[in-house]
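So that the names make sense, note that chain A is the first sequence line, chain B the second, and so on, each numbered from 1.
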Number of protein chains: 2
Amino acid sequence: MKKQLQPIDAESLLHEHEFKKTPLRIMLLEVLSLSPTPLPVAKLIRKTKKLAADPATIYRALNAFVEAGMVHALTVDKTKVLYELVQEKIHNHHIVCDTCSAVESIPFCIKTIDQQAIKVSRQFNKVHSHQLAFVGTCRKCIRALR
Amino acid sequence: MKKQLQPIDAESLLHEHEFKKTPLRIMLLEVLSLSPTPLPVAKLIRKTKKLAADPATIYRALNAFVEAGMVHALTVDKTKVLYELVQEKIHNHHIVCDTCSAVESIPFCIKTIDQQAIKVSRQFNKVHSHQLAFVGTCRKCIRALR
DNA sequence: TACTAATTGCAAATGGTTTGCATTTGTATA
DNA sequence: TATACAAATGCAAACCATTTGCAATTAGTA
């Protein structure tokens, strides 16, 4: 039930999507693939600081990845954008802590809800995907509140 | 099955939450209550232009409403924040057009999924709520694409 | 090895949102 | 109804994450 955290073959993935292979892009994809949670840009900058890449370059890489469908940009609250590698066969939903904003990925999916959505909507007759996020309080915060 | 669009009693709602009753706040709540879809700030500014309120004041009012739990701030994509009035008894989910970003509210809810989330998460033992958004293509865009 | 287009770094611009502060307004109280 | 005080507002400035322009560098291909 736990998400497998195998580092992906970043170079192949880049090649597959016709991206040039650069140290930053490789490291970004590897960091994303090894993270059990979606990551904000700030954390990606920290995790790639070895390369001292310009933030602009990191933003450009991430936007390109999202555009290519390799990475999913997820917004759990107003401001924070989180990035996560798109892994086929793992359709993630998320659970967000309402106290510390921690995000955890949940590798489970209710297949039938897409169909239900179609039934209740008049304006849409085709549903491609859905995003489901749960809001709760994580154990750490519950403990801290005691 | 269609969401009822009755204008709420904005003045009572403000009083209930110990907010002072000002023209802008009343109009904001009324506009929100009459909208079948969650609204971005830009649209709220347009819809209240009669009052010529400063954007800063509108942001302050919305943030206060969200903090008080009267309004729900919803982010469907990276940048756009949409505001919708919290109506008891109507737990909305949403469907978003991947072409024009139109958002429609869906007054339906699968009660059981909160429980399922708990079962698959080790870090969270309490789920307060969930947000579900569907992504599809609306009829208008499908027509336009032909 | 040389060529070409893509990628990067740097600095500046962008734009939505927030903040500080003086003024105005709403509301509770006398 | 008048008074008083905290709350709300307008304005301008600050903020800050993200984007953009451009020149220099780098990766892929022959």
For nucleotides 8-11 of chain D, give me every protein contact, N/O to N/O, under 3.5 Å, one pair per line with atom names.
from, atom 1, to, atom 2, distance (Å)
D:dA8, OP1, B:R25, NH1, 2.7
D:dA8, OP1, B:R25, NH2, 3.2
D:dA8, O5', B:R25, NH2, 3.3
D:dT9, OP1, B:T22, OG1, 2.9
D:dG10, OP2, B:D54, N, 3.1
D:dG10, OP2, B:T57, OG1, 2.8
D:dG10, N7, B:R60, NH2, 3.1
D:dG10, O6, B:R60, NH2, 3.2

Would you tabulate the nitrogen or oxygen pairs shorter than 3.5 Å linking the protein to nucleotides 1-4 of chain D?
none

Spacing of [X] atom [atom1] relative to [N] atom [atom2], expressed in whole Å:
X     : N      : atom1 : atom2 : value
B:L14 : C:dG26 : CG    : P     : 13 Å
A:I26 : D:dT26 : CD1   : P     : 15 Å
B:L62 : C:dT18 : CG    : C1'   : 13 Å
B:H17 : C:dT27 : NE2   : P     : 16 Å

Can you find a heavy atom in the side chain of [X] that is under 4.5 Å from one in the side chain of [Y]?
X     : Y     : result
B:Y83 : B:V66 : yes
B:F19 : B:L13 : no
B:K21 : B:I26 : yes
B:K43 : B:V31 : no
B:E84 : B:L39 : no

Task: A:H17 NE2: over 12 foreign heavy atoms closer than 6.0 Å - done: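 It does: A:H17 NE2 has more than 12 such atoms within range.
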Open item on the list: For a quick test of reading the model, state the closest non-hydrogen atom pair linking B:V71 to B:V86 and the distance between them.
Closed with: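 Smallest interatomic distance, heavy atoms only, reads C-CG2, 3.7 Å.
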- [ ] Taking side chain to side chain contact (heavy atoms under 4.5 Å, CB included) as the test, write out the residues that go with B:K20, two or more places apart.
- [x]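 Side chain to side chain contact (heavy atoms under 4.5 Å, CB included) check on B:K20 returns B:R25.
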